[in-house]
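Worth knowing before you read on, the calculation uses all heavy atoms, side chains too, and leaves out hydrogens, waters and symmetry mates.
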Amino acid sequence: MTTLKNDRFLRALLREPVDTTPVWMMRQAGRYLPEYRETRAKAGDFLSLCKNTDFACEVTLQPLRRYDLDAAILFSDILTIPDALGLGLYFEVGEGPKFHKTIRTEQDVANLPQFNAKSDLAYVMNAVTAIRSALGGQVPLIGFSGSPWTLATYMIEGGSSKDFRFTKQMMYAQPEVLHALLDRLADAVIDYLNAQIDAGAQAVQIFDSWGGALAHREYLEFSLKYMQKIVAGLKRENEGRKVPVILFTKGGGQWLEPMIATGADALGLDWTTPLNVARQTANGRVALQGNLDPATLYGSSSTIEKATKAMLDDAYANGEKTGYIANLGHGITQWVDPEQPKAFIDTVHEYSAKYLG
């Protein structure tokens, strides 16, 4: 087992002392980087990029060569599980992910095949193992999955959606069918994340990208309930150290209390939640991650520096010295100048030292 040279990300997740605030960026391996676009062109298309071990490893490492990041995140897609369940994932230029088949009825749910992450998504596990080896202990590797609710919306709608018409129709007209689907997906996510941990992932994040589209009671019943099941089913220790789990619900800042009750180690925050308020609410029970608006990176270096310092001031306003990971409130966008994230990352490391000394 390679010794981890920089473990401050894992330490902060477990609310252990750190020398400076750790930082990484959601979607840090992506289209804003010219080297990523070059590798994707070689691969031919996005799915081929994900399924080729060498390419997936290369693009995971690219942002770490540019920036002083404290974690790497597996390069993959949240829709790998529905694809493995036979729905036929494909990507339309300018339209995002789509599926050839949808899940709309009780029979559709019953017809879903059995799922085994290690065999059905072997290419993901191969990538995890290769990335861990290539990192050589430089920083920890994060594995991830979409949440059952988020995966279900894509499977029912057939792609991304603004109003979730068919998903919400099922939720209110046939809730038992949606629950059956979500339960199947929760089991699949448990299997998938545990397989990633076995392959070498040192922390995992559940991306609940569309949880914020739900009403309060429906969020608890149709999204959080299944993430809680996942947290309970995850392997929480491997290679002699804890494997932290992060829950991230975009638009979910009003549900911090019930999210804390899941037993997750950390909660991700989008940019709509006041970080100082979230820290007061958490009160040392979980670590928090986020919450810079990704659009901040369109600004000048001085604007980015100012916003990052304000975020850190909020993070440490109550006197805590750990339990915080700097990140964006959602994924970095393809239109960001690749020179700009450096101002964010370097400011985090330099400015946070005044609070952690």
Side-chain angles (χ1 to χ4, degrees), residues 2 4-10 12-13 20-43 46 48-50 52-78 124 127-144 196 200-205 207 246 248 268 271 289-299 301 304-305 307-308 311 325-350 352:
T2 310
L4 196 52
K5 301 179 184 78
N6 172 359
D7 68 349
R8 63 172 69 104
F9 167 70
L10 297 178
L13 284 176
T20 187
T21 300
V23 57
W24 66 283
M25 298 183 295
M26 287 187 277
R27 215 180 286 143
Q28 63 192 24
R31 289 177 286 178
Y32 72 105
L33 292 176
E35 56 267 41
Y36 169 91
R37 295 195 296 270
E38 190 179 312
T39 307
R40 179 168 167 164
K42 283 182 195 170
F46 179 76
S48 299
L49 185 63
C50 291
N52 181 296
T53 302
D54 291 339
F55 286 149
C57 183
E58 165 60 20
V59 296
T60 299
L61 298 176
Q62 284 171 351
L64 275 78
R65 297 184 190 127
R66 272 186 181 262
Y67 312 118
D68 186 19
L69 294 159
D70 294 295
I73 183 165
L74 161 70
F75 181 80
S76 188
D77 191 79
I78 64 167
V124 177
V128 171
T129 302
I131 295 161
R132 263 297 295 275
S133 176
L135 283 169
Q138 178 188 346
V139 293
L141 175 61
I142 306 165
F144 73 91
Q196 290 183 40
Q202 291 151 293
V204 292
Q205 176 158 316
F207 283 87
I246 309 162
F248 172 62
W271 59 91
Q289 176 178 276
N291 64 337
L292 193 75
D293 182 352
T296 308
L297 299 183
Y298 298 147
S301 294
I304 296 166
E305 184 179 326
T308 303
M311 181 177 74
I325 299 95
N327 205 324
L328 307 177
H330 201 230
I332 188 171
T333 72
Q334 62 180 300
W335 302 283
V336 167
D337 180 338
E339 293 303 312
Q340 298 307 74
K342 192 171 186 304
F344 164 54
I345 294 158
D346 290 349
T347 300
V348 168
H349 285 148
E350 292 161 13
S352 64

Gap between atom NE2 of His330 and atom CG of Asp293 - 0.5 Å precision: 11.5 Å

Worked verdict on Leu74 versus Ile131 for side chain to side chain contact (heavy atoms under 4.5 Å, CB included): CA-CA 8 Å; Leu74 161 70; Ile131 295 161; 3.9 Å; yes

Inter-residue atom distance Leu33.CG - Arg65.CZ, 0.5 Å rounding: 11.0 Å

Sole residue of Thr20, Asn6, Thr21 in side chain to side chain donor-acceptor pair (under 3.5 Å) with Asp70: Asn6

Minimum-distance pair of heavy atoms, taken over all atoms of Met311 and Gly290: SD-O, 3.6 Å

Contact summary for Pro294 and Trp271, nearest pair of heavy atoms: CD-CE3, 3.5 Å

Nearest atoms (heavy-atom pairs only) where Ile142 meets Ala71: CD1-CB, 3.8 Å

Thr308 side chain reached by Leu292 side chain, heavy atoms, under 4.5 Å: yes

Beyond-backbone contact of Phe75 with Leu49, side-chain heavy atoms, under 4.5 angstrom: yes

Minimum side-chain heavy-atom gap Leu297-Leu328 below 4.5 Å: yes

For residues 331-343, dump all side-chain donor-acceptor pairs below 3.5 Å to protein atoms at least two apart in sequence or in another chain.
| residue | atom | partner | partner atom | Å |
| --- | --- | --- | --- | --- |
| Thr333 | OG1 | Tyr298 | OH | 2.7 |
| Asp337 | OD1 | Glu339 | N | 2.9 |
| Gln340 | NE2 | Gly299 | O | 2.6 |
| Lys342 | NZ | Asp346 | OD2 | 2.6 |

All pairs passing salt bridge (Lys or Arg N to Asp or Glu O under 4.0 Å) where residues 26-35 contributes a residue, at least two apart: Glu35-Arg66

Separation between CD of Glu305 and OG1 of Thr347, rounded to the nearest 0.5 Å: 4.5 Å

Distance in Å, Lys42 NZ paired with Ser48 OG, rounded so as to fall on 0.5 Å steps: 15.0 Å

Close aromatic pair by centroid cut-off 6.0 Å: Phe248 and Phe144: no

Residue pair Phe344 / Thr296, side-chain heavy-atom distance below 4.5 Å: no

For the student: nearest non-hydrogen atoms of Gly200 and Val128, plus distance: N-CG1, 3.8 Å

Side-chain donor or acceptor of Gln196 paired with backbone N/O of Ala201 under 3.5 Å: no

Smallest separation among heavy atoms of Ala203 and Leu10, with atom names: CB-CD2, 4.0 Å

pair Trp24-Gln289: side-chain heavy atoms closer than 4.5 Å: yes

Donor-acceptor under 3.5 Å (Thr39 side chain, Phe55 main chain): no

Residue pair Tyr32 / Met25, side-chain heavy-atom distance below 4.5 Å: yes

Taking every non-hydrogen atom, the tightest pair across Pro140 and Phe9: CG-CD2, 4.1 Å

Side-chain heavy atoms of Tyr67 within contact of Gln28, under 4.5 Å: no

Reported CD1-to-CG distance for the pair Ile345 and Leu69, which is rounded to 0.5 angstrom: 4.0 Å

